S.K.: 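This is the structure, below, for whatever I ask next.
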Number of protein chains: 2
Amino acid sequence: MSMDRRSGCPINLSLEVFGDRWSLIILRDMIFGGRRHFRELLNASMEGIASNILADRLKRLMQLGMLTKADDPSHKQKAIYSLTEMAITLVPILAHLGAWGRVWLPVSAELSIRAELLEKGGPPMWDKFMDELRHEHLGMPLDTSAGPSVRATLQAAYEAVVAGRAPGASPAA
Amino acid sequence: MSMDRRSGCPINLSLEVFGDRWSLIILRDMIFGGRRHFRELLNASMEGIASNILADRLKRLMQLGMLTKADDPSHKQKAIYSLTEMAITLVPILAHLGAWGRVWLPVSAELSIRAELLEKGGPPMWDKFMDELRHEHLGMPLDTSAGPSVRATLQAAYEAVVAGRAPGASPAA
DNA sequence: GCAACTGATTGCAAAACGCAATCAGTGTTG
DNA sequence: CAACACTGATTGCGTTTTGCAATCAGTTGC
């Protein structure tokens with residue numbers, strides 16, 4: 001977890017940033033799940049992260065420049081975590097990772113529908129998603145606001161699979 | 001390091017395969033460095049992996065189906081490790097990872113030239129590289145053998161940067 | 001005041017890691 | 001045949017990281 005700087009190899013340095021069991025899970029929940037608060041990340045974590053690990057990783061990701069923290073006006077002790085551009089540009093990597101996992105690993109249907117759609121959408125969909133994230137987390141203007149958001153599309157597909165059958169089809173047997 | 005199967009999420013499952021500090025480094029050295037033997041991986045490891053960790057990871061990657069082991073005819077105790085198709089298809093992910101690291105992390109010029117070329121080459125170059133790896137590791141025929149191998153191209157560029165200046169330029173100050 | 005909730009922190013056991021030493025079997029040399 | 005280096009590991013041991021439960025002080029609503 002320390003900043004070894006074992007070598008200047010890009011792959012090695014990338015691994016030193018999120019080459020652990022939790023950092024990328026947290027970023028995944030923020031990116032695809034839209035989670036911004038400590039409790040959201042803690043309780044909604046499908047894999048069950050411990051609070052001390054979450055606190056440590058959030059601190060570390062902030063030091064690395066992947067996240068920023070801001071006060072929530074509604075609650076003086078509440079903090080809102082935001083993705084930086086550095087983290088937002090991980091979207092293509094996450095898309096590839098999801099696509100690879102979907103092919104080679106025993107993924108569940110409900111949880112892989114998002115990866116499937118993201119893979120089919122390709123770079124145009126990733127770009128649209130990154131623009132939406134820049135809007136949410138960095139306050140950038142959302143110029144090409146065509147149709148529903150990528151996250152909403154992915155979420156709807158996920159819920160369709162959970163509820164019944166294939167996305168788009170009627171939820172009947 | 002265990003096979004938790006924390007969740008069926010593709011990203012989580014991918015992380016459980018190579019979400020540690022060494023697995024992807026080993027695969028990187030095999031893919032880009034062409035290393036096939038235990039000692040090659042041990043001694044040429046830029047980051048200095050320990051022998052017990054290397055032995056453990058090789059065993060684990062074999063169990064996961066990323067590597068296979070075969071006897072080396074030249075030495076009864078020597079083993080040759082081969083990438084499986086599952087590992088070869090990591091090339092696009094490694095390319096993206098290298099590209100991301102090159103933008104956001106303090107990479108060294110020598111070690112990032114490969115990532116730069118691989119990024120510029122894009123999917124066509126990745127496909128060619130994967131075909132070459134399938135030839136080396138799986139014995140598949142190499143149909144489109146046009147020009148020097150991708151690994152040789154990357155290696156030449158690396159050595160050009162180490163020797164002097166930019167790749168393609170004369171190695172003079 | 002009191003309970004629920006906020007983002008953490010602490011203590012402790014278990015697991016993983018890093019390093020050096022070591023292993024048995026193999027090939028090479030003299 | 002003896003000495004030696006090399007093969008892919010394994011073992012012991014101390015350090016670090018992780019997982020889990022309990023706990024913390026400050027904030028909010030009642």
Side-chain angles (χ1 to χ4, degrees), chain A residues 1-7 12 15-26 29-30 33 35-64 67-82, chain B residues 1-7 12 15-26 29-30 33 35-64 66-83:
Chain A
M1 211 42 42
S2 58
M3 323 265 186
D4 296 272
R5 205 63 67 75
R6 300 184 297 190
S7 84
N12 174 59
L15 274 183
E16 291 184 15
V17 171
F18 44 75
D20 74 285
R21 272 175 137 44
W22 292 111
S23 297
L24 213 55
I25 292 289
I26 295 169
D29 285 346
M30 291 188 68
R35 316 205 189 292
R36 308 289 296 265
H37 300 289
F38 189 92
R39 288 288 154 177
E40 285 180 334
L41 288 164
L42 185 65
N43 296 331
S45 164
M46 204 167 343
E47 289 83 9
I49 190 170
S51 64
N52 56 346
I53 306 286
L54 176 58
D56 180 79
R57 291 303 184 282
L58 287 173
K59 189 187 297 178
R60 186 163 180 276
L61 287 171
M62 281 191 286
Q63 288 171 350
L64 289 166
L67 300 178
T68 58
K69 185 162 89 168
D71 292 338
D72 186 330
S74 76
H75 190 303
K76 283 185 181 172
Q77 221 174 4
K78 224 169 181 173
I80 301 182
Y81 293 92
S82 298
Chain B
M1 208 46 41
S2 58
M3 320 265 185
D4 295 272
R5 205 65 63 79
R6 301 183 297 190
S7 85
N12 173 59
L15 274 182
E16 291 185 15
V17 171
F18 44 74
D20 74 286
R21 271 176 138 42
W22 292 111
S23 296
L24 212 56
I25 292 288
I26 295 169
D29 285 346
M30 289 189 69
R35 316 204 189 291
R36 308 290 296 266
H37 300 288
F38 189 92
R39 287 288 153 177
E40 285 179 335
L41 289 163
L42 184 66
N43 297 329
S45 163
M46 207 167 342
E47 288 84 9
I49 190 171
S51 64
N52 55 346
I53 306 288
L54 176 58
D56 180 80
R57 291 305 184 281
L58 287 173
K59 188 187 299 178
R60 186 163 179 278
L61 288 171
M62 281 191 287
Q63 288 171 351
L64 289 166
M66 304 275 283
L67 300 179
T68 57
K69 186 161 89 167
D71 291 338
D72 186 329
S74 75
H75 189 303
K76 283 186 183 173
Q77 221 172 7
K78 224 168 180 173
I80 301 183
Y81 292 92
S82 297
L83 301 167

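The chains referred to below are lettered A, B, ... by the order of the sequence lines, with proteins before strands, and numbering in each begins at 1. Bear in mind the structure is a predicted one, so any value in this text is a computation, not a measurement.
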S.K.: Taking the side chain of A:R57 as its heavy atoms from C-beta onward, which of C:dA20, D:dT7, D:dT18 lies nearest to it?
M.R.: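 Of the options given, the side chain of A:R57 lies nearest D:dT18.
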S.K.: Output the rounded distance in Å from CG (B:D20) to C1' (D:dT18).
M.R.: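 The distance from CG of B:D20 to C1' of D:dT18 comes to 14 Å, rounded to the nearest Å.
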S.K.: What integer distance in Å separates B:H37:NE2 from D:dC6:C1'?
M.R.: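 In whole Å, D:dC6 C1' lies 12 Å from B:H37 NE2.
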S.K.: As a test of reading the structure: which of C:dC17, D:dG19, D:dG12 is closest to the side chain of B:N52, going by heavy atoms?
M.R.: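 Of the candidates, D:dG12 comes closest.
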S.K.: Between C:dG7, D:dG8, D:dT18, spot the one nearest the side chain of B:F38, thanks.
M.R.: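 For B:F38, the side-chain atoms sit closest to D:dG8.
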S.K.: Of the listed nucleotides (D:dG8, D:dT18, C:dG7), which one gets closest to any side-chain atom of A:I53?
M.R.: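 Within the option list, the nearest is D:dT18.
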S.K.: State the CZ-CG distance between A:R35 and A:L42, to the nearest 0.5 angstrom.
M.R.: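 If I round to the nearest 0.5 Å, the distance is 11.0 Å.
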S.K.: What's the shortest heavy-atom distance between B:M30 and B:L67, and which atoms?
M.R.: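 Result for this residue pair: SD-CD2, 3.7 Å.
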S.K.: Kindly point out which of D:dG8, C:dG7, D:dT18 is positioned nearest to the side chain of A:A79?
M.R.: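 Closest nucleotide to the A:A79 side chain: C:dG7.
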S.K.: Please tell me which of the listed nucleotides, D:dG19, C:dT9, C:dC17, lies nearest to the side chain of A:A55?
M.R.: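 Closest nucleotide to the A:A55 side chain: C:dT9.
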S.K.: The side chain of A:W22 lies closest to which of these nucleotides: D:dG8, D:dT18, D:dT10?
M.R.: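 From the listed options, D:dT18 comes nearest.
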S.K.: Tell me, please, which residues at least two apart from A:R36 pass side chain to side chain donor-acceptor pair (under 3.5 Å).
M.R.: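 A:R36 satisfies side chain to side chain donor-acceptor pair (under 3.5 Å) with A:S82 once adjacent residues are dropped.
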S.K.: Whole-Å distance between D:dT7 C1' and B:D71 CG?
M.R.: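 Rounded to the whole Å, the gap is 12 Å.
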S.K.: Rounded to the nearest Å, what distance is computed from the NZ atom of residue A:K78 to the P atom of nucleotide C:dA4?
M.R.: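 After rounding, the reported distance stands at 17 Å.
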S.K.: Mind calculating the distance between CD (B:E16) and P (D:dT18) to the nearest angstrom?
M.R.: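 In whole Å, D:dT18 P lies 15 Å from B:E16 CD.
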S.K.: Looking at side-chain heavy atoms only, is the closest gap between A:H37 and A:I80 below 4.5 Å?
M.R.: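 Touching, per the 4.5 Å side-chain cut-off.
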S.K.: Can you list everything that forms a side chain to side chain donor-acceptor pair (under 3.5 Å) with A:E47? Sequence neighbours excluded, please.
M.R.: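 Per chain and number, A:E47 pairs via side chain to side chain donor-acceptor pair (under 3.5 Å) with A:R28, B:S7.
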S.K.: A:D56 CG to C:dG7 P: how many Å, rounded?
M.R.: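 Distance check: A:D56 CG to C:dG7 P gives 17 Å.
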S.K.: Measuring to OP1 and OP2 of C:dA16, would you say a side-chain N or O of B:R21 lies under 4.0 angstrom away?
M.R.: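 No, outside the criterion.
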S.K.: Any idea which heavy atoms bring B:L54 and B:F38 closest together, and the distance?
M.R.: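 Shortest heavy-atom separation between B:L54 and B:F38 comes out as CD2-O, 3.5 Å.
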S.K.: Would you give the length of the straight line joining atom CG of A:D20 to atom CD1 of A:I25, rounded to the nearest 0.5 angstrom?
M.R.: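 These two atoms lie 9.5 Å from each other.
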S.K.: Could you give the CG-to-P distance, from A:L58 to C:dT6, as a whole number of Å?
M.R.: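 It is 15 Å, rounded to the nearest whole Å.
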S.K.: Polar pairs (N or O, both sides) under 3.5 Å between protein and nucleotides 23-30 of chain D?
M.R.:
unit_1, atom_1, unit_2, atom_2, d
D:dG26, N2, A:Q77, OE1, 3.1
D:dG26, N3, A:Q77, OE1, 2.8
D:dT28, OP1, A:K76, N, 2.9

S.K.: Could you tell me the separation between the CG atom of A:L54 and the C1' atom of D:dA21, rounded to a whole number of Å?
M.R.: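 Nearest whole value for this atom pair: 16 Å.
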S.K.: According to a strict under-4.0 Å criterion, is B:K69 in side-chain N/O contact with OP1 or OP2 of D:dG8?
M.R.: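 For D:dG8, neither OP1 nor OP2 has a side-chain N or O of B:K69 closer than 4.0 Å.
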